[in-house]
Amino acid sequence: MYRVCGYGCYGSAIMKAFDDAIADGVDVLSISLGSNDPRIDFSTDPIAIGAFHAMENGIVVACSAGNSGPNPASVENAAPWILTVAATTIDRDFESDVALGGNKVIKAGGINFSNLKKSPVYPLIDGLSAKSNSSRADEDLARFCDPDSLDPDKVKGKILLCERGSMEMFEQLRDQSGAIGMITISDFERQAVSTYKDYPISAVTEEDGAQILSYIKSDSKPVATILSTKVIPNYKPAPVVGIFSSKGPIPGIRNLIKPDIAAPGVNILAAWVEINNEFTIPGKDPSPFVIISGTSMSCPHVSGLAATIKSQHPTWSPAAIRSAIMTTAIQTDNLYSPITNFTGLRATPYDIGAGEISLSSPLEPGLVYETEKMDYIQFLCSAGYNTTTIKMIASNVPENFSCPIDSSFDSISNMNYASIAVSLKENEIKTVSRIVTNVGEDESIYAAIVEAPSGVDVRVVPDTLQFTKDVKKLEFQVVFEMTEGSQEDLFGSITWFNEKYKVRSPIAVSNAGQESR
């Protein structure tokens, strides 16, 4: 472990840690750090530069995709030599139900040890209805249950319904106004639960919050209670994309899909420093573990998988390991339906990259996409970096190297990556190339299956690959033609398969007439 963050995460410390790790001969680096600025300059980003040097030394570098979702174009650590990891839920939920009058129960979330009665006997009021009559009281702040905007007499002895309430607000309202519970309306906190210690606080979705508000308005004496947390195993559907997980496309760079992969990162049992009492329950000893959410949690899952693959295949390159993880990823949840985001819409490669990690299939992927150092250097050329700047990022660049004159975002599509992204105008045809390396049986034949995006014709040439003992690498082309114009990015996949293996690559097609985001 290399500590790089204290009172800040300084670039010099990050670079030193990379140097130390390279000198120590590590095989995998797990980096749960980010800049919070997706429009990063690779030439000044210590993680991108350090990861390039690590890649040159055969080290797999897995990084968090960031926690700026659900905003599009928010993905971080998007350099192609980095394995960029999004976050998804697991099949476990922490449920703290809200019981209302009329035998209505809302499946709320959070971790609390509420000691309220199980029957809904406590008066219930929403923040706006509890607003102070003072002229200084703000309606929006009242909805959020800002203590200075509420009337203590209206709050006393009641459970509050708040838009984006917090434990800190409840503490103040309990101590100053006698509030006995809080229901906070937050899609984020309903999925990525917070620890409320022994406070009776639960989080509900915006949809459920609207139901509770409707009940308050329709009942002359609304009542509720908040039940202590229970763990729900085998929760469905799962996985679901983390609401906070940063998303593609990469701001300012076309024709590369990021994130690469998704892994469990919501409500994860994680080690914690016991002296930090942020989550400690009064009267209890500090725990060495807490429940945390973030791509900082998903990244180590992928790092561990990469280490497992490396132990089985010690000669494989970082690109081969990344390819194995991506091309064997899972696209369905435990209801056997396509993985969705928090709103229930089908997840795209901008949400989950190639999909959710499989723990066993990457050990035998069949085929891999090898990405060489010069592919990454060509990527930098295509992204607009000049030769002088590239030599500041990469080491041992040939003295006579210079970027091709025709370098452009279009040429990024031809990087030998395990996913494929192209930019097209209506009726335009583009061809991209890939080379696959056989790591399975010597004598094997693969056929191509295409799931073409709507409005795009996709052909694979040739559509059959035959490997022998002497033929380990084969090239193929993918021909794209946009038959119908679209303002939205479109998605599909190409899968090479035989009776034993399925080697799947996601496809993203964007409108070349739009500016890169």
Side-chain angles (χ1 to χ4, degrees), residues 27-28 55-60 80-81 83 256-257 260-261 305-329 354 358-379 396-398 401 404 411-422 430-451 458-480 493-507:
D27 295 301
V28 179
M55 173 275 300
E56 290 179 300
N57 285 274
I59 300 171
V60 178
W81 50 89
L83 181 50
L256 175 64
I257 296 174
D260 294 309
I261 197 72
L305 177 58
T308 303
I309 299 169
K310 185 72 173 180
S311 70
Q312 296 292 312
H313 303 284
T315 63
W316 281 14
S317 69
I321 292 173
R322 179 185 63 226
S323 172
I325 292 172
M326 291 176 64
T327 60
T328 58
S358 164
L359 296 182
S360 56
S361 297
L363 298 174
E364 295 185 62
L367 306 174
V368 295
Y369 293 82
E370 285 280 13
T371 315
E372 305 293 342
K373 173 181 172 179
M374 288 307 300
D375 291 320
Y376 299 132
I377 291 175
Q378 176 59 56
F379 162 82
N396 301 316
V397 178
F401 173 80
S411 53
I412 294 175
S413 297
N414 281 304
M415 182 170 52
N416 203 48
Y417 213 75
S419 59
I420 301 174
V422 295
K430 282 186 181 177
T431 301
V432 302
S433 298
R434 288 292 188 275
I435 297 173
V436 284
T437 301
N438 182 24
V439 294
E441 288 75 10
D442 287 339
E443 304 289 334
S444 55
I445 299 175
Y446 289 81
I449 296 178
V450 175
E451 180 188 349
V458 182
R459 292 179 292 115
V460 180
V461 182
D463 59 5
T464 301
L465 298 177
Q466 183 168 357
F467 297 92
T468 67
K469 185 176 181 179
D470 299 319
V471 179
K472 295 290 187 182
K473 294 179 181 286
L474 288 173
E475 184 175 4
F476 66 93
Q477 284 76 44
V478 185
V479 182
F480 294 87
S493 66
I494 294 172
T495 303
W496 290 104
F497 82 100
N498 60 22
E499 65 279 0
K500 184 175 181 179
Y501 302 109
K502 289 184 178 179
V503 186
R504 181 183 181 275
S505 294
I507 292 171

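All figures in this text were calculated on a predicted structure; none of them were measured in a lab.
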- Message: I'd like to know whether Y369 forms a side-chain contact (heavy atoms from CB on, under 4.5 Å) with M326, so could you lay out the CA-CA distance, the side-chain angles of the two residues, the decisive distance to 0.1 Å, and finally the verdict.
- Response: CA-CA 10 Å; Y369 293 82; M326 291 176 64; over 6 Å; no

- Query: Yes or no on side-chain contact (heavy atoms from CB on, under 4.5 Å) for V479 and K430, after CA distance, side-chain angles and deciding distance?
  - Reply: CA-CA 6 Å; V479 182; K430 282 186 181 177; over 6 Å; no

- Could you go step by step and tell me if S493 and E451 meet the side chain to side chain donor-acceptor pair (under 3.5 Å) rule? CA-CA 5 Å; S493 66; E451 180 188 349; 3.2 Å; yes

- Message: Is there a side-chain contact (heavy atoms from CB on, under 4.5 Å) between T308 and L363? Walk through the geometry before answering.
- Response: CA-CA 8 Å; T308 303; L363 298 174; 4.0 Å; yes

- Audit row: I435, L474, side-chain contact (heavy atoms from CB on, under 4.5 Å) steps and yes/no: CA-CA 6 Å; I435 297 173; L474 288 173; over 6 Å; no

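P362 places a side-chain heavy atom less than 4.5 Å from the side chain of L305. Within the 4.5 Å cutoff, no side-chain heavy atoms of R459 are placed close to those of F480. Using a 4.5 Å heavy-atom threshold, the side chains of V60 and D27 count as separate. Taking the side chain as every heavy atom from C-beta outward, I507 and I494 approach each other to under 4.5 Å. Residues Y501 and E364 form a side-chain contact, since some pair of their non-hydrogen atoms from C-beta on lies under 4.5 Å apart. Looking at V436 and V368, their side chains never come closer than 4.5 Å, going by heavy atoms from C-beta outward. Side chains of T431 and V478 form no contact here, defined as non-hydrogen atoms less than 4.5 Å apart.
Under a 3.5 Å cut-off, the side chain of S419 and the backbone N or O of P506 do not form any donor-acceptor pair. Using a distance-only test at 3.5 Å, with no hydrogens or angles considered, no donor-acceptor pair links the side chain of S323 to the main chain of A319. Put simply, the side chain of D375 gets close to the backbone of E372: a donor and an acceptor are under 3.5 Å apart. The main-chain N or O of A421 is found under 3.5 Å from a side-chain atom of S413 such that the two form a donor-acceptor pair.
Note that OG1 of T468 is 10.5 Å distant from CD1 of I445, once rounded to the nearest 0.5 Å. Once rounded to the nearest 0.5 Å, the distance linking CD1 of I449 with CZ of F497 reads 4.0 Å. Separating the CG atom in D463 from the OH atom in Y446 is a distance of 16.0 Å, to the nearest 0.5 Å. Considering OG of S361 and CD1 of I325, their distance stands at 12.0 Å, rounded to 0.5 Å. Atoms CH2 and CD1, on W316 and I321 in that order, are 7.5 Å from each other to the nearest 0.5 Å. For the atom pair NZ of K469 and CG of N438, the computed distance is 13.5 Å after rounding to the nearest 0.5 Å.
Between the side chains of T371 and R322, at least one donor-acceptor pair of N or O atoms lies under 3.5 Å. Checking E370 against S317 by side-chain atom types alone, a donor-acceptor pair falls below 3.5 Å. For the 3.5 Å distance criterion, the side chains of T437 and K473 qualify, holding a donor opposite an acceptor.
Taking the centre of each ring, F476 and W496 come in below the 6.0 Å mark.
Between S444 and N498, the closest heavy-atom pair is CB-ND2, 4.2 Å. Considering all non-hydrogen atoms of both residues, S505 and A418 come closest at OG-O, 2.8 Å. Of all non-hydrogen atoms in A329 and A354, the two that sit nearest each other are CB-O, 3.5 Å.
Look at E475 and R434 and you find no salt bridge, because none of the NZ, NE, NH1 or NH2 atoms lies under 4.0 Å from a carboxylate O.
Scored by the salt bridge (Lys or Arg N to Asp or Glu O under 4.0 Å) test, E441 finds K500 as partners (sequence neighbours excluded). Residues forming a side-chain hydrogen bond (donor to acceptor under 3.5 Å, both in side chains) with T495 (at least two apart in sequence, or on another chain): none. Judged as a side-chain hydrogen bond (donor to acceptor under 3.5 Å, both in side chains), and not counting sequence neighbours, the contacts of Y417 are K258, D260.
Under a cut-off of 6.0 angstrom, the local environment of NZ in K373 is crowded, with over 12 non-hydrogen atoms contributed by other residues, nucleotides or ligands.
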